[in-house]
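One structure is given here, and the rest of the page talks about it.
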Amino acid sequence: MTASNPSFFARLILAFRVLLSAKLGAAVSQLTTDEVPSLPKPEPEPEPEPEPPPLTEASPDAALQLLGLLQREGRFVDFLEEDVGRFSDEEIGAAARVVHEGCKKALAEHLEIVPIRSEEEGGKVQLPAGFDPREVRLVGNVVGEPPFVGTLQHRGWRVTRIELPKIAEDHDVSILAPAEVEL
Amino acid sequence: MRGPKYAIGVDLGTTHCALSYVDLGLSEGEEVAQRVLPIPQAIAPGEVEARSLLPSFLYLPHPSELEPGAAALPWNPTPAHLVGEIARRLGAKTPIRLVSSAKSWLCHSGVDRRGKILPVDAPQEVRRISPLEASTQYLAHLRDAWNHAHPEAPFEQQDIVLTVPASFDPAARELTAEAAQAVGYARLTLLEEPQAALYAWIEQSGGQWRDRVEVGDVILVVDVGGGTTDFSLIAVHEKDGALQLERIAVGEHILLGGDNMDLALAYTVKAKLEAAGKTLDDWQLRALTHGCRHAKETLLSQAEVAAVPLVVPSRGSRLIGGSLRTELTRDEVSRVVLDGFFPEVPHDARPQLRARTALTQLGLPYAQDAGVTRHLAAFLSRQVGATGELFETRADASFLHPTAILFNGGVLKADAIAERLIGVVQSWLAADGGRPARVLDGADLDCAVARGAAYYGYARDGGGVRIRGGLAQAFYVGVESAMPAVPGIEPPLHALCVAPFGLEEGSAPQAPARELGLVVGEPVRFRFFASSVRRDDAIGTLLERWGEGELVELGQIEATLPEEGARPGEVVPVRLRARVSELGTLVLEAIPRSGEHVWKVELDVREPQAT
């Protein structure tokens, strides 16, 4: 493998992990800080979570359900659980198409994801006083008073609609994919 | 009972069902408050989601296959059958337990449509169901979904318009109506799908449709769905100063659709993989078919894409390395889909018929010629005289010249297919000295039929435009001519017209003077024929001979006179009287000369079990 490839896949996998860990309510900041050197654009948290002093525990059910959907439609867990180091880029690329197509479909069916900022990335944006810091994270030379003028590095993502399938009473969401036995 | 609050349109499709509704209280004139009902359905064991389409699939699970409650619906914790997305999903891996294309079976007169025959390939222990019951289950699911969403407006109190293919024969229409009535479709009307598509176009035009058609227009509706292809012709004429729409012809029932195209592509790609030394099992072929559908849609709607990668994922958890990678190219799609299914043929092309092999197993009568354009050429040529007395058409035309084309069905969402079809029709028109046809666009091809049906339910009572039509065929019973017996020669068969072309709902029933003999207490069968081209035969016309292909034989019909007041075995002369019910179905009745009773003639006759 050439030197540039691991960085691409590391980024891809990191992106998946960030998405996952956010969903799972794990410590996203910890993870991103550790790996930030390989990431030119740190992913902001996809879902702004208001954090009043008493921290709440996220229910894992919805996260597991979403993970199950991504596995069913896009073989998401299969992909991440595999050791990619053993394969050529061509093989990984072929599998990535399955994951991309399926997961995209699953996301499109159940979530509406829109950019937070509509401006082009790389362009100048102005932030008036009173902007919502959950929506826009200031980085770099953070000094002075608003309005701030800076370069939009990442547009951000926001979920405006989420509709997960309703679950039957005895359904076990921890089973992401049942084992399959052909008779 | 209170009056209906909604006009509901139900599209019972071969591969998908949809339900649309118009709020009658909020609609006025061209301002129509219309929506599509999201249909809650199990999408996987234990998961329920609302979707705008209900896949027309039914799955018969093994008792150990699913955990209890896995099929629970919001309105029923333990439904007897799995219907919708979950059925399609489970059936993709276990096809022997999957019921599909029930609608095509419903109009297959060669089988017992009330008989428990589906799935055809199921092993002995699977409790099969009939095509009628499968259709009933889909209709019941839609009803329950409605009642769940609208507890204030019970389904049985609403006006329901249920669509059927224009090419459905009378028995299939009657069975569809029976299935619907069995599950609470009380205020029911049937509507032909291409007409529904045109109503949807009218509704979407928001009152502008009158400016977009003119007197003398002949609108060709081409409906290519997942499993079937259906053609209709609708003429625009003027009566008492107002535009009138009249459905003047419908085509044959052609079992040919998008699913065939996806399969053809999958086999093409499979051959390519096999040439490279890779083998595919059935499971992978199904995955490939699914992939081909997406790739086809991309290639046919985005002209700049030259090839779409296809990956057949491995079946096990090892995704990388176990997947097969290939691609579908623009050339392949053009060759297989455009040239295979929509070939550029002259207007005198005809579908090719292969002799059926002697050992046909029980199966659907799929179209033998995949060329939709050849079927269309045959249809337009057969209907060259369809405008009849409505208005003048060129006497030297060799086929009926449509002046406008309306598309329906998911297949025609692909621009390249729509363009090819238009191009072929235009080339026929040019070659035959006609003017180019226009395309009527702006319809939503997925839900148009359900939307159009609901709109019809609304417009019908509100004085909106109504497509007239009546029967699209004339119907005949076969009678043997009286002649001295000649050994070895069957007496020639004559055809007695019992229902004329264009017979409308509500017209006074008439019976031909000619009487037929029925044996009291015994079922008596008649051969039954239909003609979509003999427009001028009146009730009682007796045909001694007819042109090649003018009459098509349908399943037999059967009449039984009960023994009341007559001796069993006695032959009673009866006349056969036809009318069109308010539902839109053909009703044939036997009237004995003496008695005051009339007896219904069964259009759907169980075929004797093949041994």
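All of these numbers come straight from a predicted model, not from anything done at the bench. Per chain, numbering begins at 1; letters A, B, ... match sequence-line order.
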Item to check | Choice from B:Gly46, B:Gly316, B:Ala42 maximising heavy atom contacts with chain A below 4.5 Å | outcome: B:Gly46
Checklist entry - Looking at B:Ala72, B:Pro309, B:Gly291, B:Pro77, which one has more heavy-atom pairs under 4.5 Å with chain A than the rest? => result B:Pro309
Among [options], which residue has the highest count of heavy-atom pairs closer than 4.5 Å to chain B?
| options | result |
| --- | --- |
| A:Asp78, A:Leu164, A:Asp172, A:Val173 | A:Asp78 |
| A:Ala95, A:Pro165, A:Ala94 | A:Pro165 |
| A:His110, A:Glu101, A:Arg72, A:Glu169 | A:Arg72 |
| A:Glu91, A:Glu163, A:Glu180 | A:Glu180 |

Is there a donor-acceptor pair closer than 3.5 Å between any side-chain N or O of [X] and the backbone N or O of [Y]?
| X | Y | answer |
| --- | --- | --- |
| B:Gln41 | B:Ile39 | yes |
| A:Asp170 | B:Gly69 | no |
| A:Glu82 | A:Phe79 | no |
| B:Thr94 | B:Arg97 | no |

Would you mind checking which part of [X] comes under 4.5 Å of any heavy atom in chain B, side chain (CB onward), backbone (N, CA, C, O), both or neither?
| X | result |
| --- | --- |
| A:Gln71 | neither |
| A:Leu69 | side chain |
| A:Arg75 | both |

Heavy-atom count check: over 12 atoms from other residues, nucleotides or ligands less than 6.0 Å from [X] [atom1]?
| X | atom1 | result |
| --- | --- | --- |
| B:Gln124 | CD | no |
| B:Tyr267 | OH | no |
| B:Lys272 | NZ | yes |

Could you look at [X] and say if it's the side chain, the backbone, both or neither that has a heavy atom under 4.5 Å from chain A?
| X | answer |
| --- | --- |
| B:Ser314 | both |
| B:Pro40 | neither |
| B:Glu67 | side chain |
| B:Arg89 | side chain |

Next on the checklist: For B:Trp146 and B:His141, I'd like to know if the aromatic rings sit close, meaning centre-to-centre distance below 6.0 Å.
Outcome noted: no
Next on the checklist: Is the distance between the ring centroids of B:His150 and B:Tyr21 under 6.0 Å?
Outcome noted: yes
